[in-house]
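Each chain gets a letter, A, B and so on, in the order the sequences are listed, and its residues count up from 1. In this text the structure is predicted, and so the values were computed from the model without any measurement.
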2 protein chains.
Amino acid sequence: MARAGLTADRLTQAAADLADEVGFENVTVSALARHFGVKDASLYSHIRNAQDLRVRLAVLALAELAERVAESIAGRSGRDALVAFANAYRAYAREHPGRYSATQMALDPDVAAESAAGKHSEMTRALLRGYDLWEPDQTDAVRLLHSTFHGFVSLERSGAFHSHPRGVEASWLRALDALDSVLRAWPA
Amino acid sequence: MARAGLTADRLTQAAADLADEVGFENVTVSALARHFGVKDASLYSHIRNAQDLRVRLAVLALAELAERVAESIAGRSGRDALVAFANAYRAYAREHPGRYSATQMALDPDVAAESAAGKHSEMTRALLRGYDLWEPDQTDAVRLLHSTFHGFVSLERSGAFHSHPRGVEASWLRALDALDSVLRAWPA
DNA sequence: TAATTTGCCTAGGACCTCTAGGTAACCCTA
DNA sequence: TAGGGTTACCTAGAGGTCCTAGGCAAATTA
């Protein structure tokens with residue numbers, strides 16, 4: 001009887017791939033066990049329970065997304081950085097729908113603190129350096145940007161924009177224009 | 001043996017209340033049956049399956065939300081209408097978290113067409129009358145507003161804003177200010 | 001090689017989903 | 001008001017997911 005060589009990390013990785021294939025809400029302990037050709041009870045020595053698996057998945061996705069965004073804004077500032085950040089964020093959500101859904105889980109405050117969730121606002125603050133914003137405006141701006149990015153991506157995925165022929169891409173660019181001008185005019 | 005007097009509508013209403021209590025993802029056919037003191041199999045003469053129940057709940061919530069928003073913008077225009085719309089939207093999400101989650105379900109295109117989902121953009125268009133926008137800018141603006149409202153509310157609910165002491169209320173008002181100035185300056 | 005740890009197993013309980021088929025309450029019409 | 005039809009709810013049961021307890025065998029360490 002060869003062992004499958006399971007670890008919490010390998011399970012989390014596989015769960016992430018599974019999420020992108022079948023949707024975050026369909027990531028199940030049983031399905032994951034099937035994928036490794038193993039009984040579902042065997043997974044419980046690596047993960048506490050199904051919720052624990054989902055939290056690990058969320059933490060993984062948050063880290064990946066932060067990585068992608070950080071890379072995208074390196075060496076850019078102002079409008080360039082804003083557009084790069086936004087496009088990296090949206091691209092990740094499109095390429096990894098299941099992982100992206102996972103990032104929207106409500107995490108325990110301590111888990112969230114450990115995770116890369118905080119890195120997002122740090123990076124948003126980094127991109128704001130090209131604009132002329134200080135506290136508390138900076139925090140307001142971080143929240144506005146995050147809200148708009150997430151809201152757009154989320155509605156796009158739920159099909160809310162399909163009712164109108166106007167290209168989604170054009171609306172996205174227009175939204176970024178709007179945000180750029182808001183940030184430039186913010187101090188006013 | 002007295003009958004419980006079930007109908008699809010009563011089930012949907014109860015499911016909506018249940019969603020607000022225990023969360024949308026925990027709305028289950030069994031729990032609903034327990035609530036009516038009835039066996040779960042009995043519900044299947046009124047609803048096709050669990051997914052059907054969730055879709056009905058989503059349609060109900062979309063209609064309620066549209067109602068609230070419509071009421072809020074009646075007799076207002078421009079900035080007043082924008083703020084009223086946004087606050088009504090956010091208030092609904094806070095008062096009815098389970099119902100609000102339901103509105104984010106991806107619906108079949110034909111179901112979505114039947115539902116009040118389309119009314120949201122109609123009303124957003126109505127509120128834009130106070131600004132000077134024409135197609136395709138109007139559609140872009142509708143999408144931006146919807147994205148920002150949903151994004152903010154969604155992140156607020158998932159606890160993404162708790163990491164910073166700056167009041168969420170202040171950031172919300174600032175976001176509305178930003179949207180108002182974007183809309184006024186849009187033609188530029 | 002022996003002792004310990006670890007990985008995966010079987011068994012089984014609790015809960016949820018859904019189908020098939022039966023019985024009893026209700027409604028209508030004569 | 002008695003019969004007939006319709007509908008509401010039932011029991012029974014199969015299949016899936018979650019999770020615990022306890023066992024055996026493979027891997028690791030002494």
Side-chain angles (χ1 to χ4, degrees), chain A residues 1-60 97-99 101-102 105-108 111, chain B residues 1-60 97-99 101-102 105-108 111:
Chain A
M1 303 264 188
R3 295 189 180 186
L6 304 183
T7 65
D9 282 350
R10 286 194 64 199
L11 287 177
T12 308
Q13 277 288 343
D17 294 341
L18 186 59
D20 286 337
E21 280 169 37
V22 303
F24 180 61
E25 67 283 359
N26 295 321
V27 171
T28 163
V29 175
S30 310
L32 201 53
R34 269 195 299 278
H35 174 262
F36 283 103
V38 150
K39 299 295 171 183
D40 49 358
S42 305
L43 302 196
Y44 289 89
S45 18
H46 304 283
I47 55 169
R48 266 204 303 283
N49 50 40
Q51 182 64 8
D52 178 46
L53 177 66
R54 288 183 204 109
V55 169
R56 285 169 189 271
L57 207 175
V59 170
L60 169 73
R99 283 169 159 92
S101 294
M105 269 191 68
L107 297 178
D108 284 336
V111 175
Chain B
M1 304 262 187
R3 296 192 182 185
L6 303 183
T7 64
D9 282 349
R10 286 195 65 199
L11 287 177
T12 307
Q13 276 288 344
D17 294 340
L18 186 60
D20 286 338
E21 280 170 37
V22 302
F24 179 60
E25 66 283 359
N26 296 320
V27 171
T28 163
V29 176
S30 310
L32 201 56
R34 267 195 302 278
H35 175 263
F36 283 103
V38 150
K39 298 296 171 182
D40 48 358
S42 305
L43 303 196
Y44 289 90
S45 19
H46 303 282
I47 55 169
R48 264 204 305 284
N49 50 38
Q51 182 62 10
D52 178 45
L53 177 66
R54 290 185 202 108
V55 169
R56 284 169 190 270
L57 206 175
V59 170
L60 169 72
R99 284 167 158 93
S101 294
M105 268 192 68
L107 297 178
D108 284 337
V111 175

Interatomic distance, B:Glu25 CD vs C:dT17 P [rounded to whole Å]: 13 Å

Partner residues of B:Arg54 under the salt bridge (charged side-chain N to carboxylate O under 4.0 Å, His left out) criterion, sequence neighbours left out: none

Heavy-atom pair with the smallest gap, counting every atom of A:Phe24 and A:Leu57: CE1-CD1, 3.8 Å

Between CG on residue B:Leu18 and OG1 on residue B:Thr12, distance to nearest 0.5 Å: 12.0 Å

N/O (side chain, A:Ser45) to phosphate O (OP1/OP2, C:dG7) under 4.0 Å: no

Per-nucleotide protein contact string for nucleotides 14-19 of chain D (B base, S sugar-phosphate only, - none; heavy atom under 4.0 Å): ---SBB

Nearest atoms (heavy-atom pairs only) where B:Ala33 meets B:Leu43: N-CD1, 3.7 Å

Gap between atoms CD1 and C1', on B:Ile47 and D:dA8 respectively (whole Å): 14 Å

Positions of residues 8-20 of chain B (non-hydrogen atom under 4.0 Å from DNA chain D), listed by number: none

Heavy-atom pair with the smallest gap, counting every atom of A:His46 and A:Leu6: CE1-O, 3.1 Å

Rounded interatomic separation in angstrom, taking CG from B:Leu43 and P from C:dT19: 13 Å

Nearest non-hydrogen partners of B:Leu32 and B:Ala15, listed with the distance: CD1-N, 3.7 Å

From OG (B:Ser30) to NE2 (B:His35), nearest 0.5 Å: 14.5 Å

Whole-Å distance separating the CZ atom of A:Phe36 from the P atom of C:dC9: 13 Å

CZ on B:Arg56 to CG on B:Leu11, rounded to 0.5 Å: 8.5 Å

D:dT7 phosphate, OP1 or OP2, under 4.0 Å from B:His46 side-chain N/O: no

